[in-house]
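Have a look at the structure below, then the notes.
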Amino acid sequence: QTDERFGTISFIQLRSDFIVEETQHFNWLTSEALGLSNDYDFKLTSIENDELSHTHYRYKMYYKDIPIEPGTIYVHVFNGRVTSANGEYALFQDIENNPNISREDAFQTAIDQAQINAVDPARAAEIELMKSNGALVFLQTGEHKKLAWKFELNEEIPLVKNANYYIDAMTSEILYVDDLIMHIDFPTTAPSMYSGNVPIICNKTLSNIYTLNETSRGLGINTYSYYY
């Protein structure tokens with residue numbers, strides 16, 4: 001399957017007669033499955049074993065040593081063989097990787113947008129940490145691909161907020177604000193097969209990401225993908 005938003009592969013299901021051993025899964029992923037240039041790199045971020053004896057490898061993608069967002073790939077293994085892979089990632093080519101905007105200037109733009117009091121002496125160490133943790137990423141939002149500074153900012157007054165702020169590393173424009181606080185049993189609408197848009201209850205995990213989970217009825221309802 002392909003992801004129409006990014007023009008990239010989103011899901012691969014291996015045939016039963018196509019065998020990739022677990023020990024070869026990384027070479028298969030990088031050279032055969034995705035077929036990307038040497039400008040791309042993958043770093044293993046976690047290995048998880050579930051209750052059904054499947055092993056799940058999670059990789060973060062980089063382009064010219066800078067993280068890609070979105071840029072996460074999973075490889076799934078059962079009985080020592082790869083069964084499938086899925087993920088969400090964007091591709092970059094011929095894009096500048098040296099910022100015009102400094103980390104300090106980009107951080108100032110971010111905290112101004114978040115309305116954080118940067119001169120509060122009680123939060124001096126916390127604010128300095130938020131700034132120093134800022135990092136360059138390659139970000140795709142819609143059709144736009146940008147080099148951006150990413151900062152995770154926390155604010156408690158007037159409202160509790162935890163979000164990632166993406167600042168254009170060339171122009172200091174605010175590209176995207178990604179809310180990290182989940183809202184449980186969030187009312188919204190969704191397209192149905194036969195009845196058009198209908199009201200539903202779900203969990204809101206990011207500013208524009210929803211999951212089909214709710215706790216408002218019975219013991220709760222959780223919807224899972226057939227593929228992964």
Side-chain angles (χ1 to χ4, degrees), residues 2-10 29-30 34-46 58-73 87-181 205-209:
T2 59
D3 190 325
E4 296 181 355
R5 297 169 302 167
F6 309 117
T8 55
I9 298 170
S10 61
L29 174 69
T30 56
L34 302 183
L36 301 177
S37 72
N38 292 332
D39 287 332
Y40 291 89
D41 192 15
F42 299 79
K43 296 184 180 180
L44 183 65
T45 59
S46 68
R58 177 175 178 170
Y59 289 93
K60 179 64 181 175
M61 289 183 61
Y62 292 73
Y63 178 69
K64 295 184 176 179
D65 297 322
I66 295 176
I68 293 173
E69 297 204 6
T72 302
I73 297 289
E88 182 182 64
Y89 64 97
L91 295 178
F92 295 82
Q93 186 175 3
D94 300 327
I95 184 171
E96 180 61 56
N97 62 347
N98 293 310
N100 286 336
I101 306 300
S102 68
R103 184 200 308 266
E104 289 73 16
D105 289 344
F107 183 70
Q108 187 63 51
T109 300
I111 62 175
D112 287 347
Q113 174 70 17
Q115 298 182 334
I116 292 177
N117 182 7
V119 296
D120 182 356
R123 301 190 65 191
E126 178 189 1
I127 290 172
E128 183 60 32
L129 181 62
M130 288 191 288
K131 179 174 69 174
S132 63
N133 284 341
L136 286 171
V137 300
F138 283 117
L139 173 71
Q140 178 167 348
T141 56
E143 297 180 354
H144 301 289
K145 300 182 180 185
K146 302 282 188 176
L147 178 67
W149 286 104
K150 173 185 176 182
F151 301 96
E152 181 178 344
L153 303 184
N154 300 283
E155 185 56 50
E156 297 181 358
I157 299 173
L159 295 173
V160 175
K161 187 169 185 178
N162 178 212
N164 285 326
Y165 288 75
Y166 296 85
I167 311 300
D168 192 315
M170 298 300 169
T171 66
S172 199
E173 174 189 359
I174 299 170
L175 297 174
Y176 185 52
V177 178
D178 187 7
D179 194 348
L180 300 177
I181 296 179
T205 59
L206 300 176
S207 59
N208 63 343
I209 302 295

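Hydrogens, waters and symmetry mates are skipped; everything else that's a heavy atom, side chains included, is used.
Asn133 pairs by the side-chain contact (heavy atoms from CB on, under 4.5 Å) definition with Leu129, not counting sequence neighbours. With sequence neighbours excluded, the residues that form a salt bridge (Lys or Arg N to Asp or Glu O under 4.0 Å) with Lys146 are Asp168. When the salt bridge (Lys or Arg N to Asp or Glu O under 4.0 Å) test is applied to Glu173, no partner is found at least two apart in sequence or on another chain. Residues passing the side-chain contact (heavy atoms from CB on, under 4.5 Å) test with Glu104, sequence neighbours excluded: Ser102, Lys131. Partners of Asn154 by side chain to side chain donor-acceptor pair (under 3.5 Å), not counting sequence neighbours, listed by chain and number: Asn162. Not counting sequence neighbours, the partners of Pro67 by the side-chain contact (heavy atoms from CB on, under 4.5 Å) test are Lys60, Tyr62, Val137.
Ring-plane geometry between Tyr59 and Phe42 is classed as perpendicular, the angle between the planes exceeding 60 degrees on a 0 to 90 degree scale with a lower cut at 30.
Here Asp65 contributes atom CG and Leu136 contributes atom CG; the two are 12.0 Å apart, rounded to the nearest 0.5 Å. Annotation: the span from Ser10 atom OG to Glu4 atom CD amounts to 9.5 Å, rounded to 0.5 Å. In this structure, OH on Tyr89 lies 9.5 Å from CD1 on Ile68, to the nearest 0.5 angstrom. Distance check, rounded to the nearest 0.5 Å: CZ of Phe6 to NZ of Lys145 gives 9.5 Å. Atom CG of residue Leu139 and atom NZ of residue Lys150 lie 9.5 Å apart, to the nearest 0.5 angstrom. Between the CD1 atom in Ile167 and the CG atom in Asp112 there is a gap of 9.5 Å [rounded to 0.5 Å].
Scanning both residues, Tyr165 and Ala114, for their nearest heavy atoms gives OH-CB, 3.3 Å. Smallest separation of non-hydrogen atoms from Ile101 and Ala106: CG2-N, 3.8 Å. Taking each heavy atom of Ala118 and Ile111 in turn, the nearest pair found is CB-CD1, 3.4 Å. In terms of heavy atoms, Asn97 sits closest to Pro99 at O-CD, 3.9 Å.
Contact annotation: the side chain of Thr141 never approaches that of Tyr166 to less than 4.5 Å [non-hydrogen atoms, C-beta and beyond]. Here the side chains of Tyr63 and Leu147 are not in contact, with every heavy-atom distance at 4.5 Å or above. Side-chain contact check for Thr72 versus Thr45: every heavy-atom pair is 4.5 Å or farther apart. Proximity of Asn164 to Glu69: side-chain heavy atoms (C-beta onward) are nowhere separated by under 4.5 Å. Within the 4.5 Å cutoff, side-chain heavy atoms of Glu88 are placed close to those of Arg5. Using a 4.5 Å heavy-atom threshold, the side chains of Lys64 and Phe92 count as separate.
Between the side chain of Trp149 and the backbone N or O of Ala110, no donor-acceptor pair lies under 3.5 Å. Looking at Thr8, its side chain never comes within 3.5 Å of a backbone N or O of Asp3 through a donor-acceptor pair. With hydrogens and angles ignored, the 3.5 Å screen pairs no side-chain donor or acceptor of Tyr40 with any backbone N or O of Gly35.
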Just do the side-chain contact (heavy atoms from CB on, under 4.5 Å) check on Thr30 and Leu36 with the steps written out, would you?
CA-CA 7 Å; Thr30 56; Leu36 301 177; over 6 Å; no

As a quick check of understanding, evaluate side-chain contact (heavy atoms from CB on, under 4.5 Å) for Arg123 and Asn117, giving each step before the final call.
CA-CA 9 Å; Arg123 301 190 65 191; Asn117 182 7; over 6 Å; no

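Heavy-atom contacts from other residues, nucleotides or ligands closer than 6.0 Å to CD of Glu96 number more than 12.
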